Amino acid sequence: MTKQLFIAPHTLKKQAKTLIHYWPQTIKTTRAYQLLCNLYGFSSLHQYQKQTKHMVINHYQSQENAAYIAEQFSSLANQLSHLGDISFADAKVVLYKIWPKYISNKTYSASPKEHQCTFFINGELTDFVQQPKINYAFDRFPAIKDSIEAIGIPHTEVGALYVNNQLQPFTYQLNNNDVITLYPVRDVLNQHQATNLPVKPTSHPHFILDVHLGRLCNYLRMLGFDTLYWNHDLGDAKLAALAEKEQRIMLSRDLGLLKRSNIKFGRWLRNRKPLLQLKEVSTFYNLKQYIEPFSLCIRCNSKITSVDKTNVKHLVPTDVYTSFTTFNQCSHCQQIYWHGSHVDKMKTIIHMLEN
């Protein structure tokens, strides 16, 4: 670097403390000052003090520094990397912390990376990317799960991943020049493909849905599937926590929700219409073998049981009471059910799912 940056003494002192805090190894204060002075074009702290002793750092000088630092961020990081014998990635972090007002997230993200690898995307996973082959650049050695989501694919959609032809878990840390091949959950389920990733619960499938899937919730409950749903926004964090605690399958069209690290099982619904969503979920998780129509309350998801007709006389309209002989009632919210037109509709839906 040939240009000298004139930094106010109180600013240099603050930056030295920040550098010490974020430096990857233990570093002495004198060494921190020396590195900063060298980075800013001075041979030593003494030269910096001598040249700035009678200087007033005005607003114009600060603006000029800001523009230069933003423009030369990668070059400065590379220089600090060589001066301090640290990685380029660590140097970028240190500078980002030293100059938070001058280095934007965009500038930081767009800077060159230390390593690169190649992703090959298969099957349904191509729904999330523009092309099936992606060259991916990265710093340090991140967990592959984070990198998969960085290219746009929720981890819940990945059924198996191979790195250099070896099956790997989500905890695998990327290395330079790795070749990664990703397969969707659908391929693993349909083709009984080998994997060491979670693809679906081993128990009877039960679900949790986001606020936009109310109709789908009704269908799933009518078919007898334990389904959590709220008609108001519970918030992604709470939904994810419940999914984790109860090992539920998260159904959503919100990619951000499905990328929550504590969600183990989930699917991004490709269809927008409720009946098509039901067909999609039923086919994907092979639900027809578990169907128990009208065993759960559509309103609250609790069990419903048969009830003596005389016990509901005061709870249903007179014409309903006289027209039907069989009634069921929710054990929790006390909702009453009888054999109405919805039964025939559900039989049609079941027939659709089975064919």
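The analysis underlying the following values was restricted to heavy atoms, covering all of them including side chains, and did not include hydrogens, waters or symmetry mates. Worth saying up front: this structure is predicted, and the values here are computed from it rather than measured.
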query: Do the charged groups of Asp210 and Arg253 touch, with an N to O distance under 4.0 Å?
result: no
query: Could Asp226 and Arg248 be called an ion pair, given the rule that one side-chain N must be under 4.0 Å from one carboxylate O?
result: yes
- prompt: When you measure from the side chain of Glu244 to the backbone N and O of Lys264, does any donor-acceptor pair fall under 3.5 Å?
  reply: no
- prompt: In terms of heavy-atom contacts, does NZ of Lys113 have more than 12 from other residues, nucleotides or ligands at under 6.0 Å?
  reply: yes
Heavy-atom check, side chain of His82 versus side chain of Leu80, under 4.5 Å: no
query: Less than 4.5 Å apart, any side-chain heavy atom of Val185 and any of Thr195?
result: no
task: Report yes or no: does Asn328 contribute a side-chain atom to a donor-acceptor pair with the main-chain N or O of Ser306 at less than 3.5 Å?
output: yes
- prompt: Are any side-chain N or O atoms of Thr118 and backbone N or O atoms of Val179, one a donor and one an acceptor, separated by less than 3.5 Å?
  reply: no
message: Looking at Gln289, I'd like to know if its CD atom is crowded, meaning that more than 12 non-hydrogen atoms belonging to other residues, nucleotides or ligands lie closer than 6.0 Å.
response: yes
- prompt: Is there a side-chain contact between Tyr172 and Lys145, using heavy atoms and a 4.5 Å cut-off?
  reply: no
message: Quick check on the 6.0 Å ring-centre criterion: do Phe324 and His339 meet it?
response: no
- request: First locate atom OG of Ser323, then atom CG of Asp319, and finally report the distance between them rounded to the nearest 0.5 Å.
  value: 5.5 Å
query: With no hydrogens and no angle check, is any side-chain donor or acceptor of His206 less than 3.5 Å from a backbone partner on Glu246?
result: yes
- request: Give the ring-plane orientation class for Phe73 versus Tyr108, where under 30° counts as parallel, over 60° as perpendicular and anything between as tilted.
  value: tilted
message: Is there a path of hydrophobic side-chain contacts, each under 4.5 Å between heavy atoms, that joins Leu197 and Val163?
response: yes
Reference residue Arg186; test side-chain hydrogen bond (donor to acceptor under 3.5 Å, both in side chains); the match among Gln191, Glu157, Glu124: Glu124
field: Distance-only donor-acceptor check, side chains Asn164 and Asp178, under 3.5 Å
entry: yes
- prompt: Is Lys92 reaching over with its side chain to a backbone N or O of Ser74, donor-acceptor style, under 3.5 angstrom?
  reply: no
message: Walk me through whether Thr310 and Asp308 qualify under side-chain hydrogen bond (donor to acceptor under 3.5 Å, both in side chains).
response: CA-CA 6 Å; Thr310 58; Asp308 190 276; 2.3 Å; yes
message: Quick check: closest heavy atoms across Met250 and Ala243, and the distance to 0.1 Å?
response: CE-CB, 4.1 Å
- line: Scanning both residues in full, the closest heavy-atom pair of Val129 with Ile151 reads CG1-O, 3.7 Å
Common cluster, Ile86/Tyr33, ILVMFWY with side-chain heavy-atom separation under 4.5 Å: yes
- prompt: So, for Cys297 and Arg221, which heavy atoms are closest and what is the spacing to 0.1 Å?
  reply: O-CD, 3.7 Å
field: Side-chain (Arg140) to main-chain (Phe138) donor-acceptor, under 3.5 angstrom
entry: no
query: Does a side chain donor of either Ser295 or Lys303 reach within less than 3.5 Å of an acceptor in the other side chain?
result: no
message: When you measure from the side chain of Gln34 to the backbone of Ser43, do you find a donor-acceptor pair of N or O atoms at a distance under 3.5 Å?
response: yes
field: Nearest-0.5 Å distance that lies between atom CD in Gln47 and atom CD in Gln4
entry: 6.0 Å
- prompt: Linking I/L/V/M/F/W/Y whenever their side-chain heavy atoms sit closer than 4.5 Å, directly or via other members, would Phe120 and Tyr136 fall into one cluster?
  reply: no
- prompt: Should we count NE2 of His332 as having more than 12 external heavy atoms under 6.0 Å?
  reply: no
query: How far apart are the C-alpha atoms of Leu35 and Ile27, what are their side-chain angles, what is the distance that settles it, and do they pass the side-chain contact (heavy atoms from CB on, under 4.5 Å) test?
result: CA-CA 11 Å; Leu35 285 170; Ile27 185 172; 3.6 Å; yes
query: Rounded to the nearest 0.5 Å, what separation is found between the CG atom of Leu278 and the CG atom of Asn218?
result: 11.0 Å
- prompt: In Å, rounded to the nearest 0.5 Å, how long is the span from OG1 of Thr227 to CD1 of Ile298?
  reply: 11.0 Å
message: Quick check: is Ile148 connected to Leu167 through a chain of hydrophobic side chains (ILVMFWY, heavy atoms under 4.5 Å apart)?
response: no
Atom pair CG (Leu5) and CG (Leu76), whose distance is rounded to the nearest 0.5 Å: 7.0 Å
- request: For Lys97, look at atom NZ and say whether over 12 heavy atoms of other residues, nucleotides or ligands are found less than 6.0 Å away.
  value: no
- prompt: So, for Pro205 and Ile249, which heavy atoms are closest and what is the spacing to 0.1 Å?
  reply: CB-CD1, 4.1 Å
field: Sub-4.5 Å side-chain heavy-atom contact between Lys200 and Leu189
entry: yes
message: Taking Ile7's backbone N and O only, do any of them form a donor-acceptor pair with Tyr48's side chain (distance below 3.5 Å, no angle check)?
response: yes
- prompt: With a 4.5 Å limit on heavy-atom distance, are the side chains of Gln334 and Gln329 in contact?
  reply: yes
query: Quick check: are there more than 12 heavy atoms from other residues, nucleotides or ligands sitting under 6.0 Å from CZ of Arg215?
result: no
message: Parallel, tilted or perpendicular, judged at 30° and 60°: which one describes the rings of Tyr321 and Phe327?
response: parallel
- prompt: Short question: side chain of Thr322, backbone of Thr318 - any donor-acceptor pair under 3.5 Å?
  reply: yes
- prompt: What about Val188 and Phe170, same hydrophobic cluster or not, with Ile/Leu/Val/Met/Phe/Trp/Tyr joined at side-chain heavy-atom distances under 4.5 Å?
  reply: no
query: Does the Asn176 side chain pair with the main chain of His115, one donor and one acceptor, at a distance under 3.5 Å?
result: no
Within 6.0 Å of CG in Asn135, more than 12 heavy atoms from elsewhere: yes
task: Check whether any side-chain heavy atom of Thr181 lies under 4.5 Å from a side-chain heavy atom of Phe119, and answer yes or no.
output: no
message: Measuring from atom CD of Glu280 to atom CG of Leu275, what distance do you get when rounded to the nearest 0.5 angstrom?
response: 12.5 Å
query: Among Leu223, Leu220, Leu353, which one satisfies side-chain contact (heavy atoms from CB on, under 4.5 Å) with Leu287?
result: Leu220
query: Does the gap between the ring centers of Phe6 and Phe42 come in under 6.0 Å?
result: yes
- prompt: Is Leu228 close to Phe207 at the side-chain level, that is, under 4.5 Å between some pair of heavy atoms?
  reply: no
- prompt: What's the shortest heavy-atom distance between Ile304 and Tyr337, and which atoms?
  reply: CG2-CE1, 3.9 Å
message: Run the side-chain contact (heavy atoms from CB on, under 4.5 Å) test on Leu234 and His232 for me, step by step, so that the C-alpha distance in whole Å, both residues' side-chain angles and the decisive distance to 0.1 Å come before the verdict.
response: CA-CA 6 Å; Leu234 200 65; His232 60 276; 4.1 Å; yes
- prompt: Of the non-hydrogen atoms in Ser81 and Ser87, which two are nearest, and what is the gap between them?
  reply: OG-C, 3.7 Å
task: Carefully, step by step, assess Gln15 and Tyr40 under the rule side-chain hydrogen bond (donor to acceptor under 3.5 Å, both in side chains).
output: CA-CA 12 Å; Gln15 290 180 354; Tyr40 297 153; 2.6 Å; yes
task: Kindly indicate whether the side chain of Leu161, heavy atoms from C-beta on, has any atom under 4.5 Å from the side chain of Tyr183.
output: no
query: What do the steps show when you test Phe294 against Met222 for side-chain contact (heavy atoms from CB on, under 4.5 Å), and what is the final call?
result: CA-CA 5 Å; Phe294 309 110; Met222 274 196 275; 4.3 Å; yes
- prompt: Under 3.5 Å, is there a donor-acceptor pair linking the side chains of Asn301 and Tyr229?
  reply: no
